Amino acid sequence: MSIKNIRLEVMQFLEKNVDSFVEQYLIPVEKIWQPSDFLPNSEGENFFEEVKELREIAKELPYDFWVTLVGDTITEEALPTYESWLMDVEGINQVENGGNGWSKWIRQWTGEENRHGDLLNKYLYLSGRVNMREIEMTTQHLINDGFDIGTGSDPYKNFVYTSFQELATYVSHNRVAQMAKKFGDNKLSKMCKMIAGDEMRHHHAYSEFVTRIFAVDPSEMMLAFQYMMKQKIVMPAHFLRESGQKISSAFEQFSDSAQRIGVYTANDYVDIMQKLIDKWEIDKISNLTDEAEKARDYLMKLPARMARISERLVIPQESHIFKWVEPARL
């Protein structure tokens, strides 16, 4: 049987439990928070006073903080690309009989994720500290350009990617929440904390999918994990560009801002890698082929090697001036 057919069989086997995954890791629409819970009430008499207070507090936030928050928002807003990518993964079928269990999972996961961009976008708009038109153009470019995360339609590689990426976004949003609180913006801090909570739940879900695959197809899952770590996890906004640009270093410059203020660093990348190795108990997986044993050895040594490399990274101290965030506004 081909590797592709085996993966399809494993996905069909796991699909029997999709309803329990939805129940355990996602929250019903009527119970989960919505963006309007944290924003000035546009129906209330005090709306303009609330907006004025939001704008006053926003004045205290520094340049690199705004760049990071805008980049995080744009990443969340490019959600249509992520949903369409996942719907094309082997074993996920959104067509036959109204879609299978996996497509139900993807749609409901997308519904939860969609609230993140909505909330952050409205906050940025009300803050008056950023150029919304430039942000909107960057978001549209990012959706137009799509992305290639190196997984193809392989569910094993895609679930490694989502396990890693959901934890990375948790780290980023959680750190932004901590910094917003430090600068006295408790409402923004609460917004980002709630988003971070969603990301952690989603991380637990996708990493559980990988755990279950390791139980039934350990060697191929190990090789898929090695493949993703070898090629490195690219962030979903790695094709980020500003208006008027084609090929851009905007994502790298955004990453520099995030590293300078400690929101998401090379050390965090290594830490997430180690957390996944520990979570999946890579050192204890049994019944591996010789090739998969070599992959395990590679993975066990990789965090220490990557940590040594990250120590030599030099982050530019000079901030790139983005069209999204004009210093004159700050």
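Here the structure is a predicted model, which is why all the values come from computation and not from measurement.
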**Q** I'd like to know if Lys52 pairs up with Glu49 as an ion pair, taking the criterion as any Lys NZ or Arg NE/NH1/NH2 lying under 4.0 Å from an Asp or Glu carboxylate oxygen.
**A** no
**Q** Regarding Glu208 and Arg212, does a basic nitrogen lie under 4.0 Å from an acidic carboxylate oxygen?
**A** yes
**Q** Are the aromatic rings of Tyr161 and Phe164 close, with centres under 6.0 Å apart?
**A** no
**Q** In terms of side-chain geometry, is the basic nitrogen of Asp271 or Lys275 positioned less than 4.0 Å from the acidic oxygen of its partner?
**A** yes
**Q** For a quick check under 3.5 Å, do Asn267 and Ser310 share a side-chain donor-acceptor pair by atom type?
**A** yes
**Q** Do any N or O atoms from the side chain of Asp154 and from the backbone of Glu90 form a donor-acceptor pair under 3.5 angstrom?
**A** no
**Q** Among side-chain atoms of His116 and Asp198, is any donor-acceptor pair under 3.5 angstrom?
**A** yes
**Q** With the threshold set at 4.0 Å, does a side-chain nitrogen-carboxylate oxygen contact exist between Arg115 and Asp118?
**A** no
**Q** Measure the NE2-CG distance between His173 and Asp72 for me, rounded to the nearest 0.5 Å.
**A** 5.0 Å
**Q** Give a yes-or-no answer on whether the side chains of Ser20 and Gln24 include a donor-acceptor pair shorter than 3.5 Å.
**A** no
**Q** State the CD-CD distance between Glu252 and Gln259, to the nearest 0.5 angstrom.
**A** 10.0 Å
**Q** Does some side-chain heavy atom of Phe183 sit less than 4.5 Å from a side-chain heavy atom of Pro62?
**A** yes
**Q** Apply salt bridge (Lys or Arg N to Asp or Glu O under 4.0 Å) to residues Lys294 and Asp297 and explain how you reach the verdict.
**A** CA-CA 5 Å; Lys294 289 176 184 175; Asp297 291 342; over 6 Å; no
**Q** Is there a side-chain contact between Tyr269 and Lys232 in this structure, where contact means two heavy atoms from C-beta onward sitting under 4.5 Å apart?
**A** yes
